[in-house]
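What follows is a single structure, written as structure tokens, with notes after it.
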Amino acid sequence: EGSISLQDVTMEFTSRDRNSLLAVDTTSLTIPSGQFVSVLGPSGCGKSTLLRMIAGLMAPTSGSVSIGGEPVRGPSRKVGIAFQTPSLLEWYTVAENIALPARMGRHPADKRSVERRVEELLATVKLASLGGKYPSELSGGMRQRVAIARSLITDPAVILMDEPFGALDAITREHMHDELLSIWRESGATVLFITHDIAEAVYLSDRIVVMSPRPGRIVADIVNELPRPRN
Ligand code: ADP
Ligand code: ADP
């Protein structure tokens with residue numbers, strides 16, 4: 001259900017002076033359902049662009065993107081996404097922010113069950129009892145954890161994370177690594193995880209994909225054979 005397939009995907013950005021840039025060039029990638037894949041590569045190599053196309057936030061210039069065998073046509077609750085710099089709605093509480101993806105769209109989930117899930121996720125990201133606060137009352141790391149909880153609220157089959165732990169202190173980061181691994185194991189979700197941290201990629205993932213810029217391409221695709229922690 002959560003398999004990801006990119007076939008000859010290209011993303012070309014054209015600026016006002018008509019210069020064009022191949023952020024992603026003819027890239028194919030197949031990720032089986034349930035795999036945990038990290039994406040490494042220098043700034044500007046196209047990692048975020050790749051992730052946004054999978055999320056349905058931008059359409060490729062050419063090629064096709066599908067999830068679970070179905071073409072991606074826009075954002076969907078099957079896909080959870082957390083960015084490095086979280087955008088939270090400042091006039092909504094933390095709990096309301098987390099609930100949002102499950103409560104919008106044509107078929108909003110039941111209010112009570114969403115509230116229960118919000119409580120669980122608040123505990124997961126170590127923000128239990130802070131659901132009534134407003135984002136402006138939180139630190140950068142706490143805001144990031146709100147965004148992570150929000151990305152998980154719909155129990156997505158695909159979890160996309162763009163350097164989600166960048167702003168966290170070392171101890172919270174370790175905690176989040178283990179929480180993410182246990183969510184991944186329990187849910188069977190497919191995870192695509194962008195990071196600059198090779199140690200983090202090795203600790204978390206089944207497979208590591210490396211991209212290179214100008215044009216953005218996958219230059220290595222490695223199976224991670226180091227044993228990972230079990231919990
Ligand atoms: P990464 O996530 O690996 O740092 P990005 O996918 O953000 O790389 O960017 C890849 C390239 O595409 C960069 O050169 C970036 O400047 C460019 N780019 C990204 N988004 C846009 C956009 N919306 N418009 C124009 N250029 C963009
Ligand atoms: P269902 O599986 O219940 O049909 P979808 O995930 O297809 O729900 O979402 C229904 C509609 O709501 C889609 O058209 C989608 O564009 C919109 N939608 C759902 N969640 C979001 C979200 N987090 N952001 C933006 N649009 C969303």
Side-chain angles (χ1 to χ4, degrees), residues 4-31 35-67 71-76 79-88 140-141 143-148 150-152 156 158-168 173 176-177 180 184 189-222 224:
I4 300 171
S5 170
L6 294 100
Q7 281 296 322
D8 299 324
V9 165
T10 298
M11 186 71 207
E12 185 174 352
F13 291 116
T14 309
S15 56
R16 255 176 293 183
D17 54 10
R18 308 240 177 128
N19 283 325
S20 70
L21 170 87
L22 274 173
V24 174
D25 184 25
T26 349
T27 292
S28 297
L29 176 67
T30 304
I31 302 176
Q35 198 169 53
F36 195 129
V37 181
S38 287
V39 184
L40 286 170
S43 280
C45 69
K47 303 184 295 296
S48 300
T49 302
L50 199 73
L51 185 133
R52 280 165 206 267
M53 290 190 287
I54 296 168
L57 299 174
M58 44 172 69
T61 307
S62 65
S64 65
V65 182
S66 58
I67 290 177
V72 170
R73 293 203 182 83
S76 154
V79 179
I81 181 161
F83 295 105
Q84 182 180 20
T85 356
S87 51
L88 303 176
R143 294 170 66 94
Q144 203 167 21
R145 281 178 283 149
V146 173
I148 292 163
R150 182 181 58 186
S151 75
L152 300 171
V158 173
I159 300 171
L160 304 174
M161 298 196 147
D162 194 345
E163 296 187 58
F165 306 144
L168 306 183
R173 198 178 164 95
M176 290 305 307
H177 285 158
L180 178 59
W184 170 65
T190 309
V191 180
L192 196 69
F193 188 93
I194 295 178
T195 179
H196 277 118
D197 184 340
I198 295 174
E200 184 174 55
V202 170
Y203 184 77
L204 292 174
S205 44
D206 294 315
R207 177 178 173 191
I208 298 171
V209 170
V210 185
M211 291 185 75
S212 168
R214 285 182 300 278
R217 277 200 179 124
I218 293 172
V219 292
D221 189 343
I222 307 152
N224 181 15

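These numbers come from the heavy atoms of this one structure, side chains and all, not from hydrogens, waters or symmetry mates. Keep in mind that what you see is a predicted model, and the values were worked out from it rather than measured. For ligands, and for the atoms within them, numbers begin at 1 and follow the listed sequence.
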For atom 7 (O) of ligand 1, which protein heavy atom lies nearest, and how many Å away is it? Ser48 CB, 3.7 Å

Return the residue, atom name and 0.1 Å-rounded distance of the protein heavy atom closest to atom 9 (O) of ligand 1. Thr49 OG1, 3.9 Å

Taking C-beta and beyond as the side chain, do Val65 and Pro60 meet within less than 4.5 Å on heavy atoms? yes

Atoms of ligand 1 less than 4.0 Å from Lys47 heavy atoms? 1 (P), 2 (O), 3 (O), 4 (O), 6 (O), 8 (O)

State whether the shortest distance between N or O atoms of Ser43 and N or O atoms of ligand 1 falls below 3.5 angstrom. no

Quick one: does any side-chain atom of Ser28 pair with a main-chain N or O of Asp8 as donor and acceptor, under 3.5 Å? yes

If you take all heavy atoms of Val24 and Gly46, which pair is closest and at what distance? CG2-O, 3.8 Å

Protein heavy atom at shortest distance from atom 24 (N) of ligand 1: Phe13 CD2, 3.5 Å

With the threshold set at under 4.0 angstrom, would you say Gly46 reaches ligand 1 through any of its heavy atoms? yes

Tell me the protein heavy atom at minimum distance from atom 4 (O) of ligand 1, and give that distance in Å. Gly44 N, 2.7 Å

Side-chain heavy atoms of Glu200 within contact of Ser38, under 4.5 Å: no

Under a 4.0 Å heavy-atom limit, does Leu21 contact ligand 1 with its side chain, its backbone, both, or neither? side chain

What are the two closest non-hydrogen atoms of Ile67 and Ile54, and how far apart are they? CD1-O, 3.6 Å

Is there a donor-acceptor pair under 3.5 Å between the side chain of Thr61 and the backbone N or O of Glu12? yes

Atoms of ligand 1 under 4.0 Å from any heavy atom of Ala23, numbered from 1 in the order shown, are 10 (C), 11 (C), 12 (O)

Measure the acute angle between the ring planes of Phe165 and Phe193, then classify it against the limits of 30° and 60° as parallel, tilted or perpendicular. tilted

Need the ligand 1 atom indices (1-based, order shown) with element for anything under 4.0 Å from a heavy-atom of Cys45. 1 (P), 3 (O), 8 (O)

